[in-house]
Amino acid sequence: SCLTPRTALLYKFNGSPSKSLKDINNMIKGGGQK
Amino acid sequence: AQECQNLEMEKQRRIERIKQKRAQLQELLLQQIAFKNLVQRNEQNEQQNLGPPALNSTIQLPFLIVNTSKRTIIDCSISSDKFEYLFNFDNTFEIHDDIEVLKRMGMSFGLEAGKCSSEDLKTAKSLVPKALESYVSDMCTGSSWVNQGLLLSST
Amino acid sequence: KEVINRLRYLEAEIEDLELKEKELDQQKLWLQQSIKNITFSYVTHEDICNCFNGDTLLAIQAPCGTQLEVPIPEMGQNGQKKYQINLKSHSGPIHVLLINRE
């Protein structure tokens, strides 16, 4: 299925800052609240 | 007076930009200190153990770590060429990069939290060029030249 | 006269800030290159286990540019939330290692 930024958070190896991972962790911890 | 107002706004924009760049520089400094400290630690261990650790007991940087509770069931699908992976978890997980692991290992001497002993600060400074040592001191005390410098005087 | 003085003062300040910003840009480039030069660093499995007290760990090594997608969790049919990670590389195989203390 094609995912769009609003339905998924993205991270690129050697391309995204650590903050992107923090955003993903916060989203997961928040039960899916982006 | 209008030009004055424009310059005031220009000045604030620049100060904000410098603040962000300074924060980015400090993050890079943390990485440099952590990496160099790790290399030194590995060298000391290899000297003590008379050789490097077994290959299957180490992980080369860079890497990401996904951590989840021991009770989590992980379902994994892998493409034949290993170009694509799909993980399904029945519980929450966290994802951290290698810099976060090195911070947790204490490789950046607690500088990221502003908690650093004077001895550690000295060692940390020895891992960066002299021109950048002041940034390391600022990280340790949590202060920044913008607070001390122009902003205060201009108000 | 006061406004003109203020104007001169601001111009000098902005010139200082410009110099400071240029210096920061150069230092950032230098640090990025210096970090790239630190190669072949490794951590041990034990190092990693000590950082995540007792969790199950997946260590992922992937080529530059590999995409990691985390869909926003949705409720599955069984009423349980589904959490997913999708890894996609376009240039080489991805290595995933399961690590836990046992």
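Throughout, protein chains are lettered first and strands after them, A, B, ... in sequence-line order, and every chain is numbered starting at 1. The structure presented is a predicted model; accordingly, all values stated were derived computationally and were not measured.
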To the nearest 0.5 Å, how far apart are NE2 in H96(B) and CD1 in I24(A)? 11.0 Å
For chain A, which residues from residues 32-54 of chain B have at least one heavy atom closer than 4.5 Å to it? none
Chain B contact residues among residues 11-19 of chain A, heavy-atom distance under 4.5 Å: Y11(A), F13(A), N14(A), S18(A)
Spacing of CD1 belonging to I95(B) relative to CD1 belonging to I28(A), to within rounding of 0.5 Å: 7.5 Å
Residues E94(B), L21(A); criterion side-chain contact (heavy atoms from CB on, under 4.5 Å); working and verdict: CA-CA 8 Å; E94(B) 286 178 351; L21(A) 292 177; over 6 Å; no
Would you compute the distance between atom OG1 of T92(B) and atom CE of M27(A) and round it to the nearest 0.5 angstrom? 11.5 Å
Exceeds 12 heavy-atom contacts within 6.0 angstrom, atom NZ of K82(B): no
